[in-house]
Trainee: 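Attaching a single structure in structure tokens format; questions to follow.
No hydrogens, no waters, no symmetry mates; every other heavy atom, side chains included, goes into these values.
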Amino acid sequence: MTGPVVTGPVVTGPVVTGPVVTGPSVTGPSVVVAGGGIGGLALAVALRGAGIGVTVVERTARIAEAGSGMVLYPNAITALDAISPRLGRAVRAAGHEAVPGDTRPTLASDGTTLAVDAIGELTRRFGAPQVTLLRSALQHALLGEALAAGVDLRTGVRVDDHADRGEHVDVVLSDGSVLTADVLVGADGVRSGVRRRLFGDSPLLYRGYTSVRGRTRRSGAHPNGFIASGDGVDLFAGPIGGGHLYWAAKIVAPPGVWPAMGPAAAMPSLLDLLAGWHDSIVEIIRDVDADGIVVTDIVDRDPIPRWTSGRVTLLGDAAHPMTPGVGQGAGMALEDAAVLAHHLRSCSDAPAALEAYSAARASRAADVVLRSRRTGRVDKESGAGEASGAPRDFSTQDEGPMTLFGWRPPGHVEPGRVEPDRVEPVPV
């Protein structure tokens, strides 16, 4: 097949100004990606770099610049570099790259330092840094690279249904048009319609806490951010460049209570919970940019052993929604994109390529989902943990999270070593 066949009206995406650099000519299978989020756009960039024709279908009218901040750990940056070195450079420039000497403290609520995390040493140990940035900055970098590569982006329309015909897959869009392609990838988020059609409904599991996130000016006391814990509340803050920090508060609560408040009411309620905390911590929350507040309950799903059926597969949150416990939601989606593009490029049999991708990714993603679930717990009473000096959030020096960061893409060979093509963490 030479590319998707479109019937019916075409919904165009955002207007692109300036020169557009098209990607390589299409030589491989054609792929339709449901969802234009981080994972979907990353996959599209990787596929176009491999000469594969790709259409991204995004239900919103414009690719959203929503959300607050995020951390990309070394495995995520390694995946970005594998997808496109230019994209990796753009993402580093868009945020704050930890450099040698940078540290991040773990604090008690009274401001006492419990531990210090040497985040600036990650590049030396793993060949890639930690980068903190706004989610919108990552989305903007991915969108720009996708459009420059010649990705067919269709916005304001969603994937409503699909039918695997054996030799191809028909993808039915909400505007009545049908795309015919070799592969459909469901990158359509935690409430993925593609997943539901493949494997049926499975419940989203509320993990006992909600999240309030925002951004503020950079702290003089904590320029590289911090982790802090108190009764029923955990805080994380990290620099995002431009003299600003983003922060995220995890709060023990029944489901639905905090999202029902909305951002405006959530902020004074959060500040009430932080009464008595050290002012160097509270000032960061108090000085929030009112336009950037996000409130969401934290959910995940139990892992599933395979993500593929015939010519259809899943990627990112559609395959493995997880809590932010070890900061790997985006990282796992970027790894997925790099691995799936590799298998589609390397194998002429599309269903076999999808099965190989699923086999390579499902076990690792399941481990990270469960690790995030354990690590991300928020205690209702944290006195014992603070007295022992044991932070509940992970340190990049802990043995468990460290095994995450050494991931390498398929085909990667360490200098001076010859290894079989495989995808696994590098032991620490």
Trainee: Roughly how far apart are Ile83 CD1 and Leu142 CG, rounded to 0.5 Å?
Mentor: 8.0 Å

Trainee: Once rounded to the nearest 0.5 Å, what's the spacing between atom CD1 of Ile227 and atom CZ of Arg104?
Mentor: 4.5 Å

Trainee: Please tell me if the side chains of Leu122 and Phe405 come closer than 4.5 Å, counting only heavy atoms from C-beta onward.
Mentor: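 Touching, per the 4.5 Å side-chain cut-off.
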
Trainee: For Arg191, what residues pass the side chain to side chain contact (heavy atoms under 4.5 Å, CB included) criterion, not counting sequence neighbours?
Mentor: Leu204

Trainee: Give a yes or no answer on whether the side chain of Thr155 reaches the backbone of Ala61 with a donor-acceptor pair at less than 3.5 Å.
Mentor: yes

Trainee: Given side-chain contact (heavy atoms from CB on, under 4.5 Å), test Val45 with Arg86 step by step and report yes or no.
Mentor: CA-CA 11 Å; Val45 171; Arg86 182 171 65 180; over 6 Å; no

Trainee: Check step by step if side-chain contact (heavy atoms from CB on, under 4.5 Å) holds for Leu114 and Leu107.
Mentor: CA-CA 5 Å; Leu114 303 176; Leu107 307 173; over 6 Å; no

Trainee: Would you say the side chain of Arg92 lies within less than 4.5 Å of the side chain of Asp81, judging by non-hydrogen atoms?
Mentor: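 Yes, side chains in contact.
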
Trainee: Look at the side chain of Thr112 and the backbone N and O of Ala108, then say whether any donor-acceptor pair between them is shorter than 3.5 Å.
Mentor: no

Trainee: Take a 6.0 Å sphere around CZ of Arg158 and say whether it holds more than 12 heavy atoms from other residues, nucleotides or ligands.
Mentor: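 Check fails, neighbour count at 12 or below.
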
Trainee: Can you find a heavy atom in the side chain of Val71 that is under 4.5 Å from one in the side chain of Gln130?
Mentor: yes

Trainee: Okay, side chain of Ser192, backbone of Asp188: is any donor-acceptor separation there less than 3.5 Å?
Mentor: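 Checked: no pair found.
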
Trainee: Return a table of donor-acceptor pairs under 3.5 angstrom between the side chains of residues 352-359 and protein atoms on other chains or two or more places apart.
Mentor:
{"residue": "Glu355", "atom": "OE2", "partner": "Arg306", "partner atom": "NH2", "Å": "2.6"}
{"residue": "Tyr357", "atom": "OH", "partner": "Leu314", "partner atom": "O", "Å": "2.7"}
{"residue": "Ser358", "atom": "OG", "partner": "Trp307", "partner atom": "N", "Å": "3.0"}

Trainee: Identify the two heavy atoms, one from Gln139 and one from Gly36, that lie closest to each other, and give their separation to 0.1 Å.
Mentor: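 Nearest pair, atom of Gln139 first, then Gly36: NE2-O, 3.1 Å.
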
Trainee: List the atom of Tyr246, the atom of Ser68, and the distance in Å for their closest heavy-atom pair.
Mentor: CD1-OG, 4.3 Å

Trainee: One thing to verify: whether Asp302 and Arg373 come together as a salt bridge, which I'm taking to mean a side-chain N less than 4.0 angstrom from a carboxylate O.
Mentor: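 Yes, this pair counts.
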
Trainee: For the pair Ile281 and Phe226, evaluate side-chain contact (heavy atoms from CB on, under 4.5 Å) and give the outcome as yes or no after the intermediate values.
Mentor: CA-CA 9 Å; Ile281 300 172; Phe226 58 82; 3.9 Å; yes

Trainee: Any side-chain heavy atom of Val183 sitting closer than 4.5 Å to one from Leu344?
Mentor: yes

Trainee: Let me confirm one number: the CG-OG1 distance from Leu72 to Thr78, rounded to the nearest 0.5 Å.
Mentor: 11.0 Å

Trainee: Nearest 0.5 angstrom please: Leu315 CG to Arg361 CZ, how far?
Mentor: 8.5 Å

Trainee: Side chains of Val56 and Asp152, heavy atoms from C-beta outward: is any pair under 4.5 Å?
Mentor: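 Contact flag for Val56/Asp152 side chains = no.
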
Trainee: Is a donor on one side and an acceptor on the other found under 3.5 Å between the side chain of Asp297 and the backbone of Pro255?
Mentor: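 The answer is no, because no donor-acceptor pair under 3.5 Å joins these two groups.
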
Trainee: Considering non-hydrogen atoms only, spot the tightest contact between Ser202 and Arg195 and give its length.
Mentor: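 Closest approach of Ser202 to Arg195, heavy atoms only: OG-NH2, 3.4 Å.
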
Trainee: Distance from Thr323 atom OG1 to Ile298 atom CD1, nearest 0.5 Å?
Mentor: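 Going from the OG1 atom of Thr323 to the CD1 atom of Ile298 covers 7.5 Å.
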
Trainee: Is any side-chain heavy atom of Val282 closer than 4.5 Å to one of Trp277?
Mentor: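 Heavy-atom side-chain distance check passes, below 4.5 Å.
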
Trainee: Using the rule given for side-chain contact (heavy atoms from CB on, under 4.5 Å), can you reason through Asp279 versus Arg286, listing the C-alpha separation, both sets of side-chain angles and the distance that settles it, and then say yes or no?
Mentor: CA-CA 10 Å; Asp279 194 58; Arg286 188 171 51 231; 3.2 Å; yes

Trainee: Specify the closest pair of heavy atoms between Arg364 and Asn75, including all atoms of both residues, with the distance to one decimal.
Mentor: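 Closest approach of Arg364 to Asn75: NH2-ND2, 3.9 Å.
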
Trainee: Under a 4.0 Å N-O cut-off, is there an ion pair linking Arg301 with Asp317?
Mentor: no

Trainee: Please tell me whether Asp289 and His244 have a donor and an acceptor in their side chains that are separated by less than 3.5 angstrom.
Mentor: no

Trainee: Within the structure provided, determine whether Met70 and Ile38 are in side-chain contact (heavy-atom separation under 4.5 Å).
Mentor: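 They are in side-chain contact.
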
Trainee: Is it true that a side-chain atom of Thr216 and a backbone atom of Asp287 form a donor plus acceptor pair closer than 3.5 Å?
Mentor: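 Such a contact is found between Thr216 side chain and Asp287 backbone.
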
Trainee: Would you say Arg154's side chain and Val57's backbone share a donor-acceptor pair under 3.5 angstrom?
Mentor: no

Trainee: To the nearest 0.5 Å, what is the distance between CE (Met322) and CZ (Arg207)?
Mentor: 13.0 Å

Trainee: Shortest non-hydrogen contact from Trp407 to Val339?
Mentor: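 Minimum heavy-atom separation between Trp407 and Val339: CZ2-CG2, 3.8 Å.
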
Trainee: I'd like to check Val31 versus Asp182 (side-chain heavy atoms, cut-off strictly below 4.5 Å). Are they in contact?
Mentor: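 In short, these two side chains do not touch, never coming nearer than 4.5 Å.
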
Trainee: Is there a donor-acceptor contact under 3.5 Å from the side chain of His342 to the main chain of Leu340?
Mentor: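 No; zero donor-acceptor contacts below 3.5 Å.
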
Trainee: Looking at every non-hydrogen atom in both residues, tell me the closest pair between Asn224 and Thr103 and how far apart they are.
Mentor: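 Answer, listing the atom of Asn224 first, then Thr103: CB-O, 3.2 Å.
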
